[in-house]
Amino acid sequence: MFQLEPLSSVDNDKNNKTESYQQLLEQVKSLTQSEPNIIANLANISSLLFWQLTDINWAGFYLNEGNQLVLGPFQGKPACIRIPVGKGVCGVAAATGEVQRVANVHHFTGHIACDANTNSEIVLPLKKQGQVKAVLDIDSPVFDRFDEQDQEGLLAIVSYIESLI
Ligand code: SME
């Protein structure tokens with residue numbers, strides 16, 4: 001049985017934050033490496049991110065199907081089911097293939113408010129052979145919750161998830 005060990009130091013200390021993300025990546029690996037089912041793995045990864053990161057109100061995946069993002073495994077309040085590629089923060093991440101790190105979602109044109117408590121957001125595309133197959137979306141009630149280090153740590157996790165899909 002997987003044990004949800006607390007990360008050593010989820011705080012604002014820069015070195016500790018890097019270390020926390022390394023531990024989080026190890027937890028993601030140990031939770032998924034012996035299971036081939038992608039839905040099961042994405043479900044557990046969304047749970048791990050939701051419970052291990054601080055100040056998070058939603059963490060999950062949207063899967064790219066045609067020209068739409070369809071809601072995948074997540075933790076948090078019920079969310080929009082289909083998002084057109086190009087719309088909202090998730091849709092822009094899928095359309096451009098680039099990470100969207102938004103300090104204040106209320107200033108992002110076209111932001112889709114699934115949970116009124118969300119104030120900042122990071123969306124990372126998951127690619128296979130250059131194509132965006134899914135996005136990882138993490139939302140926070142705290143303004144400017146995600147910094148460069150969060151982006152780097154999450155990119156390492158996304159890169160591992162890309163090897164699973
Ligand atoms: N806020 C996102 C929509 C997804 S939910 O937040 C879960 C967006 O603008 O794409």
Side-chain angles (χ1 to χ4, degrees), residues 4 7 10 17 20-21 24-25 27-28 31-32 37-162 164-165:
L4 193 64
L7 304 181
V10 184
K17 203 165 179 180
S20 292
Y21 272 108
L24 189 53
L25 176 59
Q27 292 184 339
V28 168
L31 191 54
T32 55
N37 185 285
I38 186 62
I39 297 297
N41 285 334
L42 294 183
N44 261 339
I45 293 168
S46 65
S47 171
L48 197 59
L49 295 172
F50 184 81
W51 289 104
Q52 295 295 60
L53 297 173
T54 54
D55 297 323
I56 296 301
N57 62 327
W58 203 91
F61 297 90
Y62 278 90
L63 311 175
N64 196 353
E65 289 188 13
N67 225 19
Q68 286 194 323
L69 296 174
V70 182
L71 184 63
F74 73 96
Q75 296 273 309
K77 286 187 180 170
C80 323
I81 299 169
R82 288 177 184 267
I83 298 174
V85 168
K87 301 280 180 203
V89 185
C90 292
V92 170
T96 60
E98 285 172 9
V99 175
Q100 302 297 305
R101 185 156 55 90
V102 182
N104 181 344
V105 295
H106 310 289
H107 293 166
F108 189 98
T109 307
H111 167 250
I112 301 162
C114 292
D115 181 341
N117 287 329
T118 297
N119 285 320
S120 68
E121 176 165 359
I122 188 166
V123 182
L124 304 100
L126 278 76
K127 298 179 194 168
K128 204 84 191 170
Q129 278 123 27
Q131 304 283 315
V132 177
K133 295 291 182 194
V135 299
L136 167 62
D137 179 15
I138 307 178
D139 298 351
S140 172
V142 174
F143 286 102
D144 206 8
R145 160 66 181 79
F146 306 99
D147 63 13
E148 278 285 340
Q149 281 191 301
D150 291 294
Q151 182 166 333
E152 271 175 36
L154 290 168
L155 273 172
I157 290 170
V158 157
S159 156
Y160 169 73
I161 302 171
E162 286 172 338
L164 299 175
I165 60 177

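Whatever order the structure lists ligands and atoms in, that order sets their numbers, starting from 1.
- Between D150 and R101 there is no salt bridge, since none of the side-chain N atoms of the basic residue sits less than 4.0 Å from a carboxylate O of the acidic one.
- Residue contacts with ligand 1: V89 is placed with a nitrogen or oxygen under 3.5 Å of a nitrogen or oxygen of the ligand (distance criterion only).
- If you look at Y62 next to ligand 1, the close heavy atoms, those under 4.0 Å, all belong to the side chain.
- Looking at S120, its side chain does come within 3.5 Å of a backbone N or O of R145 through a donor-acceptor pair.
- Counting the atoms of ligand 1 from 1 in the order shown, those under 4.0 Å from a heavy atom of W58 are 7 (C).
- No donor-acceptor distance shorter than 3.5 angstrom exists from the side chain of K133 to the backbone of N64, with no hydrogens or angles considered.
- Between the side chain of Q75 and the backbone N or O of S46, no donor-acceptor pair lies under 3.5 Å.
- Between the side chains of N57 and N117, no donor N or O sits under 3.5 Å from an acceptor N or O.
- Heavy-atom proximity to H111, at under 4.0 Å, picks out these atoms of ligand 1: 1 (N), 9 (O).
- At a 3.5 angstrom cut-off on N or O pairs, E121 counts as close to ligand 1.
- Counting non-hydrogen atoms of neighbouring residues, nucleotides and ligands closer than 6.0 angstrom, the CG atom of L155 exceeds 12 such neighbours.
- Counting only heavy atoms of the protein, atom 1 (N) of ligand 1 lies nearest to I112 O, 2.7 Å.
- Nearest protein heavy-atom contact of atom 5 (S) of ligand 1 is C114 SG, 3.1 Å.
- Distance from atom 10 (O) of ligand 1 to its nearest protein heavy atom, with residue and atom name: C90 N, 2.8 Å.
- In terms of protein heavy-atom proximity, atom 6 (O) of ligand 1 is nearest to D139 OD2, 2.8 Å.
- For the atom pair Q100 CD and H111 NE2, the distance stands at 12.0 Å (nearest 0.5 Å).
- The two residues Y62 and C114 come nearest to each other via the heavy atoms OH-SG, 4.5 Å.
- Using 4.0 Å as the threshold, D137 has a heavy atom nearer than that to some atom of ligand 1.
- For ligand 1 and G88, the ligand atoms under 4.0 Å from any heavy atom of the residue are 9 (O), 10 (O).
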